[in-house]
Amino acid sequence: MATQHSRAAARLMISPAVILLLAWMLIPLGLTIYFSVLRYNLLMPGDNPFVGLENYEFFFTDPAFTGAVWNTVMLVVGVLIITVVGGTMLALLLNQPMFGQGIVRILVIAPFFVMPTVSALVWKNMFMNPVNGLFAHLAKGLGFEAFDFLSTVPLLSIILIVSWQWLPFATLILLTAFQSLDSEQLEAAEMDGATGVARFWYIMLPHLARAITVVILIQTIFLLSIFAEILVTTSGGPGTASTNLTYLIYAQSLLQFDVGLGSAGGVFAIILANIVAIFLMRMIGKNLDL
Amino acid sequence: MRFIKSLAGAAASATLLAAPMTLAETITIATVNNGDMIRMQGLTAEFNALHPDIEVNWVTLEENVLRQRVTTDVATQGGQYDVMTIGTYEVPIWAAQGWLVALDDLPADYDIDDLLPSIRDGLTVDGKLYAAPFYGESSMVMYRTDLFEAAGLEMPAAPSWDFINEAARKLTDKDGEIYGICLRGKAGWGENIAFLTATANSYGARWFDEEWKPQFDSDAWKQTLTMYIDLMQEAGPPGSASNGFNENLALFQTGKCAMWIDATVAASFVTNPKDSQVADKVGFALAPDNGLGKRGNWLWAWSLGIPAGTDSEEAAKKFVAWATSKAYLELVADKEGWANVPPGTRASLYANPEYQKVPFAQMTLDSISSADPKNPTVDPVPYVGVQFVAIPEFQGIATAIGQQFSAALAGQITAEQALQNAQVLAEREMRRAGYPK
Amino acid sequence: MGRIVLKKVTKSFGETNVIPPLDLEIEDGEFVVFVGPSGCGKSTLLRLIAGLEDVTSGNIEIDGTDATAAPPAKRRLAMVFQSYALYPHMTVRKNIAFPMKMAGMPEDEQKRRIDSAAKALNLTDYLDRRPGQLSGGQRQRVAIGRAIVREPAAFLFDEPLSNLDAALRVGMRLEISELHERLATTMIYVTHDQVEAMTMADKIVVLRAGHIEQVGSPLTLYREPRNLFVAGFIGSPKMNLIEGNAAAQHGAHAIGIRPEHIEVSDQSGEWQGTVMVSEHLGSDTFFHVQDTGLAETMTVRASGEVGFKHGDTIFMTPRADQLHRFGKDGLRLP
Amino acid sequence: MARAITPRQKWTFTLVAWGIGLLIFFPILWTILTSFKTEAQAIADPPVFFAFDWTTENYTTVQERSNYFHHFMNSVIIALGSTLIGLAIAIPAAWSMAFQPARRTKDILMWMLSTKMLPPVGVLVPIYLIFRDVGLLDTRIGLVIVMTLINLPIIIWMLFTYFREIPVDILEAARMDGATLREEIIYILTPMAVPGIASTLLLNVILAWNEAFWTINLTADDAAPLTAFIASYSSPEGLFYAKLSAASTMAIAPILIIGWFSQKQLVRGLTFGAVK
């Protein structure tokens, strides 16, 4: 199905999307690159002189920079591990025969619908608060001292909150994958003498590969720019213990209003995102045969 | 630009995307989500009774978000707001940039001379008032009279840090969930930095010397921060590194704190039986000193300013005049009682015999009067501001340093490290900004 | 109406040349079958005629007008796809009505044609069902119905029976043949099954790698295959092809003899071999013979009564008048 | 698996699954419960689960403070508007990529997806300035544009995976039947892809509904959706758990209900064609 006619039509029909996305990418990106070589602070209006790579120098030598890159990676990897492993186990469980499966599925999927700001607020105040939070009540009820999640293990706390939001997503996709697994395959493996663990490892897991790839791709896209959860719970602290790149750029461009510096950070983040993107696309390309 | 906006609006209404059409003039007001502001919002109907042709839209945001939103908007002339809630830090800087409308034609009955001098000074640039104070505040000690009595302690009217330290440790009962003292620990230049800078003043520390060289390597800062961290670790509530004004208010209201050093404006909330479980057991004292002649109290006024370039300047002025007028104070007194009027802005309020009956009235006035933004600390400084430094770079530096102090409080780094980092950060930013100028 | 002429048509996908210059004339009312092994370009050729692919060069004329650049909708052709390509979200009635709706035909005319097509195709009871509720044969008929109502200049069939089981296939084959008799419209039919080609076609076009190997009536192809390829491709079971001495005796590079043109005997004959497998079909029996010294396996057809078993020695004699001789270039020798 | 399991096993699975399900759901349940408590009960220790005096006063308080329905309508318009416009742009684009694949198709798709990875904070100021200059700040149309653009890659990708499952024969049949390209897409492709389009729509409504960075930063009041509504509760004012819970419940309830009702479509939507 490829005539000149239809090829021309195809080009015509894809062009609005391409043009819009290109504009959406290039215009802000161009401005960001432009701003990144200016001394441009919103609070100090003036002629915004050209300063070359000074902003980049300041961005890369920012004491929080290394930590922010590390935190970004930890956040993405941590949530991915928890949601993929947890999601696989949960999906395996939900795939078993039980009463009220539909309702359990509704319960499990619910966190995905919750606004990130709301979930961060609820977790921070009603659960992790060391004085009035439910966890504190629970710890005291059991005779332990209340644990101060957000100042003692800030990054881990955020990982937990974000994992709670994304676990349903992983579970649902993996559950669907399990349900599409041909039961004859499993029976054949059983005839071949494979134990439960072996069946999981050699039959189910390879079958899940595509689904897991999708989970990783989609989640990474969203996790790289996690922001609301950090802003609401820890504001990147204590210190810079839970500052990721997004939050660092936010702090520079919207708390210090140093647009030049923030833009330099933005350019770096864009480059980083594209490196991750290329890496992911390779993986997807292999597993999704697009 | 408004034309384009209304054009876009018209186009939008054709596609069912527009806001409901209104004939009245609309002003959009950005406020902080604290008690007095929310009360003001609740009284919108009263304003509308006087000005039926003005429709008021409220944008109520948490302090940090508000600050970010309004600063972005005013600096880019975004024109989204007609009235902004800003503080004594922003007003002089913004006015100097020409971002604010001068309030030099307020009606005669507004009685500009009635405003407390220290507050009014902070909002005046070149003899013109650029924002009208909605409420003014200093800081002071709030304490639980019942707990002090039970422990056999007596709070002096003007306590020293030594006394506060001693009392706090004595009053702490961690099993009973009573903590000797609650202080700000949440990072932010309006949060822990405000408290710590004011405290540091009483220890004789300063941000910069006369050559704009950062002074975090000084002994005075070390004493301040060490005292603060030791005190909080031994007598503070858990999680204090993420407690700001509002979190501490909640703790104090639920009876978890024996002492709380914070904004004077909190007094009306902790003594309000509707919200506070300890309303009838609260005493007040001046912020502590360390025998150096300066007290650790700050000076702040949440004020209403009008961004230059608003297309509803007249309506906005009407609102600002109304919300900061004497009549507004009476209106709130009438509805909610004198204890709940926005404090700290007008001399006439403190002269009012009704208001003098309010337990914290005199202490608030004394605290405000004792703060001196021009000479905040023991040694001379090149800047203005008690708990802030009125230069544009301050926000950025203080945000970063606030995080360091917060990390020290959370036990992730030592006080020495925090101060070292603070010194490096401050030097770096000042170098970037080109100081000394 | 429905004369289709291809002039020097070529088609390349990128570097790959799928169809070298090709000329073909299809007369009005003819039933033409394109046959060849998979990948020979027969489907591509059909799609070129349909307009679903552009020709790389050359011209396609339909009824004397140049249709090379015309979009599919403008060529007045109807196509029946291998997968039936029914619209799953429409009822049978709407499926059949769709081309008429696109043509803006009046409602009552649409209804008349739907009813008559449904009657002719035995679909009247299923008009309000969705394709998903129909059997394979019924779907096939809907697809045909959808093609008929347009009253096209020609029908194009792309392996329409390959998704049906064997029994149904025979039935549908007959139905399509009958349809052609009744409508007398040009039909172009693509298949890889030479039985379909033999039974249905007025004219068979044998394709290999985009080349036309031979064009002719089924019996011409059967009796006088132009070359070794056609000889091997047409006829079932396949023609036995023999090279070497046995061929040289007949003055050819290779000779071919169809299984049905060999006499068998357990006594004597021109050739001799050992029966490996015998397939008894009842009416006929096929013997697969090895160790003949001629070709690896020879297939022989005999009547059902002849009985050889595995391992028996068999004697074979080709009927001299049915011997096909081919030269070194693979072409038939006169 | 076909093998029968014992009732005992089934009960075990039921208990474990319900336990985990309730645990995951608990924060939401707790928020909803708390929203009906008084502030004092909300922080009571030990916590009260059901035995409290149910009150709706928190909802009244929240509604007094900000006009919920104004923000709700903004959320609906922004989420639906951006998704519908996004679909209108994405359907032709996905058609092109699925049925007219060219050498660059895969690269274009990947590139589109990578635009989704641009950190919004990095480009807020430029966008803010542009919006200011064209008068789109605090307008619903402005937010619809931004939401459309940030979700477009996901919409296109999802539609692409659905479209690829549709046999190309059927579109060719339509073409042979005389349908123009427009008719082909309207009468054949779109109806056939309804399940996929529905799930794409759902997922994107959810994403747009919950997007909190652009919606807060580009609006003041006129166009502020529920994310802005909740932002004024992001730090406490004295005792506030019950009020926070009420506001949270109001913000998430609509999408939670929609999500539950359309769970099946959504699951399909979430799988991105990765799971057959």
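Just so it is clear: chains get the letters A, B, ... in the order the sequence lines come, proteins before strands, and each one is counted from 1.
Aromatic ring orientation, B/Tyr383 versus B/Trp212: tilted (interplanar angle from 30° to 60°). Between B/Phe405 and B/Trp221, the ring planes lie tilted relative to each other; the angle falls in the 30° to 60° range. Taking the six-membered ring where tryptophan is involved, the planes of A/Phe65 and A/Phe60 are perpendicular, since the angle between them exceeds 60° and thus also 30°. Ring pair B/Trp189/B/Phe394 is perpendicular by interplanar angle, where above 60° counts as perpendicular and below 30° as parallel. The aromatic rings of B/Phe252 and B/Trp260 are tilted relative to each other, their planes meeting at an angle between 30° and 60°.
Residue A/Thr152 touches chain B through its backbone alone, counting heavy-atom pairs closer than 4.5 Å. For chain A, no part of B/Ile401 is nearby; none of its heavy atoms comes within less than 4.5 Å. Both the backbone and the side chain of B/Gln68 come within less than 4.5 Å of a heavy atom of chain A. For a residue to count as touching a neighbouring chain, one of its non-hydrogen atoms must lie under 4.5 Å from one of that chain's; by this rule A/Phe257 touches chain B with the side chain only. The part of B/Trp94 that comes within reach of chain A is its side chain, from C-beta onward, which places non-hydrogen atoms under 4.5 angstrom from that chain. Heavy-atom distances place both the backbone and the side chain of B/Thr72 under 4.5 Å from chain A. If you measure heavy-atom distances from B/Glu429 to chain A, the contacts under 4.5 Å come from the side chain alone. When heavy atoms are compared at a cutoff of 4.5 Å, B/Arg428 approaches chain A by way of both its backbone and its side chain. Heavy atoms closer than 4.5 Å to chain B are found in the side chain of A/Asp258, but not in its backbone. With a 4.5 Å cut-off on non-hydrogen atoms, B/Leu425 touches chain A through its side chain but not through its backbone.
A donor-acceptor pair shorter than 3.5 Å cannot be found between the side chains of B/Asn33 and B/Glu62.
Of the inter-residue distances, the one linking B/Ile193 atom CD1 with B/Leu196 atom CG reads 6.0 Å to the nearest 0.5 angstrom.
B/Arg144 approaches B/Cys257 most closely through the heavy-atom pair CG-O, 3.3 Å.
Contact count versus chain B (heavy atoms, under 4.5 Å) is highest, among A/Thr233, A/Leu231, A/Thr61, A/Leu150, for A/Thr61. Note: B/Pro392 leads B/Pro392, B/Ala418, B/Ala241 in heavy-atom pairs under 4.5 Å with chain A. When each of A/Val131, A/Thr234, A/Thr243, A/Asn129 is scored by its heavy-atom pairs under 4.5 Å with chain B, the top score falls to A/Val131. Of the listed residues (B/Arg432, B/Gln97, B/Gln404), the greatest number of heavy-atom pairs within a distance under 4.5 Å of chain A belongs to B/Arg432.
Partner of A/Leu80 under the side-chain contact (heavy atoms from CB on, under 4.5 Å) criterion, chosen from A/Val76, A/Ile82, A/Val77: A/Val76.
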